[in-house]
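Below is one structure, written out as structure tokens; the observations come after it.
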Amino acid sequence: QVQPVESGGGLVPAGWPLRLSCAASGFPDSRYCLGWFRQAPGTEREGVAVISPGGGMTNYADDVEGRFTISRDNTKNTVDLQMNTQKREDAAMYYCAASDCRGSTDNVRRMRRADFRYWGQGTQVTVSS
């Protein structure tokens with residue numbers, strides 16, 4: 001059974017970096033795309049960044065492009081999200097998710113919540129002014 005577990009959330013001043021990590025056990029890395037989504041109070045859960053099974057393809061939300069970097073280590077079954085230059089609007093609950101990409105890059109390009117079947121419990125990120 002695929003079970004992502006997030007870590008690394010916390011309180012960070014605006015402009016500072018923060019790194020989130022996710023350990024996702026129980027899945028064959030050759031098939032699964034991994035992604036980070038976030039949800040602020042009163043909003044829909046939205047895609048932040050997604051990475052292909054081999055790590056060769058990534059996709060980012062427009063408002064994090066250039067500030068956030070997603071990476072994965074298939075030897076450790078982990079996926080990280082390096083968040084630089086944090087803004088107050090980045091504050092949210094961040095979720096790690098896994099999707100069986102079945103050899104396609106569609107799920108990376110779409111970065112759609114409905115394509116991701118396995119979800120972690122989330123880790124809270126708070127950004128202070």
Side-chain angles (χ1 to χ4, degrees):
Q1 181 175 352
V2 179
Q3 181 57 62
V5 178
E6 305 94 339
S7 62
L11 174 64
V12 60
W16 284 44
L18 188 67
R19 188 176 186 91
L20 304 182
S21 294
C22 174
S25 62
F27 68 94
D29 53 50
S30 61
R31 284 170 46 189
Y32 280 78
C33 295
L34 299 175
W36 287 94
F37 292 72
R38 68 186 180 187
Q39 187 170 16
T43 68
E44 295 291 321
R45 192 171 299 186
E46 62 179 5
V48 176
V50 178
I51 189 167
S52 61
M57 182 177 180
T58 57
N59 190 19
Y60 295 91
D62 289 343
D63 59 346
V64 307
E65 180 85 51
R67 298 189 298 120
F68 290 10
T69 302
I70 188 171
S71 60
R72 65 188 292 168
D73 185 340
N74 287 341
T75 66
K76 300 178 181 178
N77 287 344
T78 58
V79 58
D80 291 351
L81 184 68
Q82 177 66 42
M83 305 185 292
N84 295 330
T85 319
Q86 289 271 306
K87 302 177 180 180
R88 292 200 68 183
E89 51 265 41
D90 292 326
M93 184 72 80
Y94 281 71
Y95 297 90
C96 176
S99 170
D100 186 347
C101 279
R102 302 180 185 275
S104 170
T105 58
D106 288 348
N107 289 0
V108 179
R109 291 187 292 103
R110 285 194 296 248
M111 197 162 57
R112 191 173 62 184
R113 176 183 178 180
D115 291 331
F116 287 75
R117 178 179 179 183
Y118 303 100
W119 293 84
Q121 295 298 307
T123 185
Q124 181 69 44
V125 173
T126 303
V127 183
S128 63
S129 58

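Just so it is clear, the model here is predicted, and its values are computed rather than measured. Side chains are part of it too, since the values below use all heavy atoms of this structure and drop only hydrogens, waters and symmetry mates.
To the nearest 0.5 Å, the span separating CG on Leu81 from OH on Tyr60 amounts to 7.5 Å. Distance check: Ser104 OG to Arg31 CZ gives 13.0 Å after rounding to the nearest 0.5 Å. Put simply, CD1 on Ile51 and CZ on Arg72 are 6.0 Å apart, with the number rounded to the nearest 0.5 Å. The structure places CG of Asn59 at 8.0 Å from CD of Glu65, a figure rounded to the nearest 0.5 Å. Atoms CG and CD, from Leu11 and Gln86 in turn, are 10.5 Å apart once rounded to the nearest 0.5 Å. Atoms CH2 and SG, from Trp36 and Cys96 in turn, are 5.0 Å apart once rounded to the nearest 0.5 Å.
Heavy-atom minimum distance, Gln3 versus Trp119: NE2-O, 3.9 Å. Contact record, Phe116 with Ala98: CD2-C, 3.6 Å, taken as the closest heavy-atom pair. Pairing each heavy atom of Ala40 with each of Ala91, the nearest pair is CB-O, 3.9 Å. In plain terms, the two heavy atoms of Ala61 and Gly47 that are nearest each other are CB-O, 3.4 Å. Contact record, Cys101 with Asn107: SG-CB, 3.8 Å, taken as the closest heavy-atom pair.
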Asp106/Arg109 under salt bridge (Lys or Arg N to Asp or Glu O under 4.0 Å): CA gap, chis, key distance, verdict: CA-CA 5 Å; Asp106 288 348; Arg109 291 187 292 103; 2.3 Å; yes

Pair Asp80-Arg19, salt bridge (Lys or Arg N to Asp or Glu O under 4.0 Å): steps then yes or no: CA-CA 7 Å; Asp80 291 351; Arg19 188 176 186 91; 3.1 Å; yes

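Clustering ILVMFWY residues whenever any of their side-chain heavy atoms sit less than 4.5 angstrom apart, transitively, puts Met93 in a cluster other than the one holding Val48. A single hydrophobic cluster is not seen to contain both Val50 and Phe68; linkage of ILVMFWY side chains at heavy-atom distances under 4.5 Å, directly or through other members, places them apart. Clustering ILVMFWY residues whenever any of their side-chain heavy atoms sit less than 4.5 angstrom apart, transitively, puts Val108 in the very cluster that holds Phe37. Note on Ile70: it clusters hydrophobically with Leu20, by side-chain heavy-atom contacts below 4.5 Å among ILVMFWY residues.
No side-chain donor-acceptor contact under 3.5 Å links Asp73 to the backbone of Thr78. Judged purely by atom type and a 3.5 angstrom limit, Tyr95 has no side-chain atom pairing as donor or acceptor with the backbone of Glu6. In this structure a side-chain-to-backbone donor-acceptor pair under 3.5 Å is present from Arg67 to Thr85. Looking only at distances, no side-chain donor or acceptor of Gln121 sits under 3.5 Å from a matching main-chain atom of Val5. Using modelled atom types, one side-chain atom of Ser99 and one backbone atom of Asp115 make a donor-acceptor pair closer than 3.5 Å. Remark: side-chain polar atoms of Asn74 are paired, donor with acceptor, to backbone N or O of Pro53 under 3.5 angstrom.
Counting heavy atoms of neighbouring residues, nucleotides and ligands inside a 6.0 Å radius, atom CZ of Arg110 exceeds 12 of them. Heavy atoms from other residues, nucleotides or ligands lying under 6.0 Å from CD of Glu44 number 12 at most. By the neighbour-count criterion of 12 heavy atoms within 6.0 Å, atom CZ of Arg117 is sparsely surrounded, having that number or fewer from other residues, nucleotides or ligands.
When the side chain to side chain donor-acceptor pair (under 3.5 Å) test is applied to Ser52, no partner is found at least two apart in sequence or on another chain.
Among the candidates Val125, Val12, Val64, Asp90, the single residue satisfying the side-chain contact (heavy atoms from CB on, under 4.5 Å) test with Met83 is Val125.
One side chain, Asn84 or Gln82, offers a donor N or O that lies under 3.5 Å from an acceptor on the other.
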